[in-house]
Every structure is written in structure tokens, then in C-alpha cells.
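One structure below.
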Number of protein chains: 2
Amino acid sequence: MKEPNSPDSPLAELCRQRGLKLTGQRRTIAFVLSDSDDHPDVEELYRRAVEVDPRISIATVYRTVRLFEENGILQRRDFGGGRARYEVADGDHGDHYHLIDADSGKVIEFENTELDSLLAGIVRQMGYDLVTTRLSVVGRPKAKSGQRE
Amino acid sequence: MKEPNSPDSPLAELCRQRGLKLTGQRRTIAFVLSDSDDHPDVEELYRRAVEVDPRISIATVYRTVRLFEENGILQRRDFGGGRARYEVADGDHGDHYHLIDADSGKVIEFENTELDSLLAGIVRQMGYDLVTTRLSVVGRPKAKSGQRE
DNA sequence: GTACGTGCAAAAGTTTTGCCTCGCC
DNA sequence: GGCGAGGCAAAACTTTTGCACGTAC
């Protein structure tokens with residue numbers, strides 16, 4: 001399903017850099033993740049992976065996201081709804097944050113350097129070095145005339 | 001187990017204000033929650049509730065925290081670990097935030113008005129009214145000489 | 001060749017639900 | 001007294017795991 005000499009996805013490269021064994025399944029999952037700019041849960045990831053390579057089991061997807069998370073490649077998120085969702089981890093600085101539309105549930109990403117430094121400052125003052133930030137604000141679209149639920 | 005004329009806990013009062021039927025079990029759970037300043041999961045809540053009134057089932061605890069959450073009395077939190085955890089909801093302003101100690105897993109609450117207004121401003125600029133903020137920063141205690149992993 | 005990864009299916013863990021009884025308003 | 005709440009146990013769901021086999025290095 002993939003050309004033997006198609007270049008590996010960025011995440012697959014990252015895997016290799018971390019010294020993880022690069023199996024076909026991991027390559028596929030890494031590709032699917034590199035290709036996603038949303039926040040899929042495991043079920044959804046599995047669905048996308050199977051389209052690339054049908055010989056993947058959901059157990060492998062679970063095992064792989066866990067492995068990737070432990071290696072700092074992925075970050076697990078909880079947006080409610082009972083299932084863990086995943087996204088590619090940010091670099092060391094410039095974390096991004098999530099705004100969740102209270103009406104539609106849609107997740108909107110944003111960045112803000114002022115927020116970055118304020119948070120870093122607060123944490124430092126409390127005697128800690130910042131490792132990760134998990135921030136999601138839930139918001140309701142500002143009322144405009146004629147708008148409805 | 002409780003005096004018939006012992007005053008209701010603040011949360012039980014809140015229940016009544018919201019027009020929720022105030023049963024013995026709900027009163028107990030409200031009491032336990034009012035009495036807690038940490039972030040118990042359902043299992044832990046159940047444990048505490050049973051000590052106050054042994055004729056409570058865990059299904060009721062699940063049903064009650066869900067009801068309380070839907071009514072803005074409780075907020076569900078995810079600090080990792082697979083179980084939802086709960087805390088009493090903040091008022092309309094002055095949300096509080098969580099710093100999680102990366103080494104011990106301990107949850108430390110903090111408030112910061114600068115953060116409050118920065119967030120409100122960001123969200124407003126994106127065209128939303130802020131409903132809730134879920135912020136937890138993971139931090140590692142600042143390295144001091146002689147400190148070790 | 002060996003150690004580790006994977007598929008399958010069963011297990012484990014958390015949360016929800018059906019049904020009947022009980023209790024609050 | 002009626003309608004919703006609760007107990008109990010089963011069901012539903014998500015995630016993990018044991019085992020036998022396959023594969024990357």
C-alpha cells in the first residue's frame with residue numbers, strides 16, 4: 001500500500017531517532033499521525049490506520065500510542081467523552097492550547113506567547129520547572145443577534 | 001448517623017436551590033464533597049460516603065456526581081490515572097488551577113488573577129464567552145544541589 | 001538468531017443501565 | 001400518592017494482557 005522507497009513520515013523518523021524498532025505497523029501509525037492535524041481517539045486512529053494497512057489490530061494501536069506517549073512523541077488529551085485523544089507533541093517551547101466550543105464540541109487550537117511566559121513564571125515562582133501545560137478553555141460563541149442553539 | 005437537625009452542608013443547600021430532590025444519599029454525598037478539599041475519584045467518594053451512611057451504593061455515587069456536574073455543582077477533572085476526579089465548582093470568577101508535581105503526582109491548587117484576565121481576553125478575542133477553564137501544568141521541583149531523580 | 005512486536009481473544013477496570021422497590025415532596 | 005431516586009447485578013465500553021507466532025535489526 002506504500003511504495004517501498006516512499007520516505008518515512010516525520011514521526012517515523014522521530015521513532016528511529018529514539019531508537020524504537022520501526023515495524024510496519026508503527027510506520028503506518030506514525031504516518032497516520034503525521035497526516036492528522038486533529039485530535040483522534042484510538043478508535044479513530046485505528047480506522048485511519050486500517051485504510052493504509054489492513055493488517056493492524058486495535059491492540060497494536062493502543063500499544064503504540066502508549067509507547068509514543070512514553071517517548072514524548074505523542075501527548076494524550078482529555079476533552080471529555082470518555083476516550084483519550086492524541087496529538088503530536090509540541091517542541092520544547094511554544095505549547096499550544098485548546099478552546100472547546102461549548103455548543104458544538106469542536107476543538108480549536110491556539111497559541112499565545114504571553115500565556116506561555118505567564119505560565120512559566122507562575123510555575124517558576126512556585127518552585128517548579130514547567131514540564132507540560134494542559135489547558136483547554138471551554139467557551140460559548142458570543143451571542144450575535146439572530147443566533148440560536 | 002447524622003443529627004436530624006444538623007444543618008445541611010453548603011452543597012446540599014446548593015442542591016435545594018437548584019430544585020434537586022434532596023434525598024438522604026444526596027445529602028450525604030454533598031456533605032462528603034463539602035468536607036473534601038482534594039480531588040477524589042468516585043471510588044474514593046464512595047468510600048467516604050459509606051462511612052457516613054453505609055446504605056449507599058456506588059451506582060448512586062456515579063449517578064449523583066453526574067447530576068451535580070450537569071448542574072454546575074461539581075467539575076470533573078482528569079489528572080491521568082484512568083479515573084475521573086471531582087471537585088466543587090468555582091464561582092463565576094476566580095477559577096483556580098492545578099499544578100501537578102511530576103515526581104510525586106501531588107496536585108497543588110493555585111489562583112492567579114493575571115491569568116484569569118489574560119485567558120478571558122484571549123477567549124473573547126476569539127469570539128467566545130469563557131465558560132470554564134481547565135488548566136493543569138505539570139512541573140518538576142526545581143533542581144537544588146544534592147537533589148536526585 | 002534473538003529479542004521484541006503483533007494478532008487474537010479473553011480479562012480487567014470503569015461507568016452506565018434495567019428493573020423493581022423505596023422514599024421525598 | 002405519584003414520580004423520581006436508589007440498590008443490585010448485569011451490561012456496555014475502553015484499555016490491557018497472555019500466548020503463540022512473526023519480524024526488524
Side-chain angles (χ1 to χ4, degrees), chain A residues 1-2 4-5 8 11-32 39-47 49-50 52-71 73-74 76-86, chain B residues 1-2 4 8 11-13 15-32 39-47 49-50 52-71 73-74 76-86:
Chain A
M1 207 117 312
K2 234 181 311 177
N5 44 5
D8 278 337
L11 250 57
E13 275 310 326
L14 207 51
C15 273
R16 188 169 324 198
Q17 280 175 33
R18 308 275 159 118
L20 302 177
K21 202 184 274 192
L22 200 45
T23 64
Q25 289 88 333
R26 288 185 186 173
R27 208 187 308 261
T28 298
I29 295 169
F31 167 76
V32 166
H39 313 83
D41 58 32
V42 170
E43 202 77 36
E44 176 62 26
L45 231 57
Y46 172 62
R47 234 171 281 135
V50 163
V52 179
D53 175 357
R55 21 161 244 169
I56 275 188
S57 87
I58 192 152
T60 297
V61 180
Y62 272 105
R63 280 191 274 236
T64 303
V65 292
R66 202 216 239 173
L67 178 78
F68 283 5
E69 197 198 355
E70 284 166 355
N71 282 271
I73 295 172
L74 279 187
R76 190 197 313 216
R77 299 289 182 199
D78 169 55
F79 298 133
R83 292 132 95 123
R85 295 168 63 173
Y86 290 87
Chain B
M1 212 117 310
K2 233 182 311 178
D8 278 337
L11 249 57
E13 274 311 324
C15 273
R16 189 170 323 200
Q17 279 175 33
R18 308 275 159 114
L20 302 177
K21 199 185 274 189
L22 200 45
T23 64
Q25 288 88 334
R26 289 186 185 170
R27 208 186 307 260
T28 298
I29 295 170
F31 167 75
V32 166
H39 313 83
D41 58 32
V42 171
E43 201 77 35
E44 176 62 26
L45 236 71
Y46 172 61
R47 232 170 285 135
V50 164
V52 179
D53 175 357
R55 21 165 243 169
I56 275 189
S57 87
I58 192 150
T60 297
V61 180
Y62 272 105
R63 281 191 272 236
T64 304
V65 291
R66 204 217 238 170
L67 177 79
F68 283 5
E69 196 196 355
E70 284 164 356
N71 282 272
I73 296 173
L74 279 188
R76 190 199 313 220
R77 300 291 181 196
D78 170 54
F79 298 132
R83 292 132 94 123
R85 295 167 63 173
Y86 291 87

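Sequence lines set the chain letters: A, B, ... in the order given, protein chains first and strands last, and positions in each chain run from 1. None of these values were measured; they are calculated from a predicted model.
Nucleic acid contact for A:Arg55: sugar-phosphate only, since backbone atoms but no base atoms lie under 4.0 Å from a heavy atom of the residue. When heavy atoms are screened at a 4.0 angstrom cut-off, B:Ile56 is found touching the sugar-phosphate backbone but no base atom.
Note: CD (B:Glu70) to P (D:dG4) measures 15 Å, nearest angstrom. The CZ atom of A:Arg26 sits 12 Å away from the C1' atom of D:dT23 (whole-angstrom rounding). Rounding to whole angstrom units, CZ of residue B:Arg16 and P of C:dC25 are separated by 7 Å. Look at CG on A:Asp53: it is 17 Å from P on C:dG5, rounded to the nearest Å. The distance from atom CZ of A:Arg83 to atom P of D:dC13 is 10 Å, rounded to the nearest whole Å. In this entry the distance linking CG of A:Asp78 with P of D:dT14 reads 14 Å, nearest Å. Spacing between atom CG of B:Asp41 and atom P of C:dG13 amounts to 14 Å, rounded to whole angstrom units. Computed from coordinates, the B:Tyr46 OH to C:dT16 C1' distance equals 16 Å when rounded to whole Å.
Salt bridge annotation for B:Arg66-B:Glu69: absent, with no cationic side-chain nitrogen under 4.0 angstrom from a carboxylate oxygen.
Closest approach to the B:Lys21 side chain among C:dC4, C:dC24, D:dA9 is made by C:dC24 (side chain taken as heavy atoms from C-beta onward).
Judged by atom type and distance alone, B:Arg63 reaches the base of D:dG7 through a side-chain donor-acceptor pair under 3.5 Å.
Phosphate contact (OP1/OP2 of C:dT15, side-chain N/O of B:Tyr62, threshold under 4.0 Å): present. An OP1 or OP2 oxygen of D:dG6 is reached within less than 4.0 angstrom by a side-chain nitrogen or oxygen of B:Thr23. Here A:Gln25 does not reach the OP1 or OP2 of D:dA24: none of its side-chain N or O atoms lies under 4.0 Å away. One finds no side-chain N or O of B:Arg85 lying less than 4.0 angstrom from the OP1 or OP2 phosphate oxygen of C:dT14.
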Exercise for review: In sequence, state the C-alpha distance, the side-chain angles, and the governing distance for B:Ile58 and B:Glu43, and then conclude on side-chain contact (heavy atoms from CB on, under 4.5 Å).
Suggested key: CA-CA 8 Å; B:Ile58 192 150; B:Glu43 201 77 35; 3.9 Å; yes

**Study point:** Derivation of the side-chain contact (heavy atoms from CB on, under 4.5 Å) call for B:Leu20 and B:Ile73
**Key:** CA-CA 11 Å; B:Leu20 302 177; B:Ile73 296 173; 4.2 Å; yes

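Ranked by how close their nearest DNA chain C nucleotide is to the 5' end, B:Ile58 and A:Ile58 are led by A:Ile58.
In B:Arg55, the CZ atom is not crowded: 12 or fewer heavy atoms of neighbouring residues, nucleotides or ligands sit closer than 6.0 Å.
Side-chain atoms of B:Arg27 and B:Asp8, non-hydrogen and from C-beta on, do get closer than 4.5 Å to each other.
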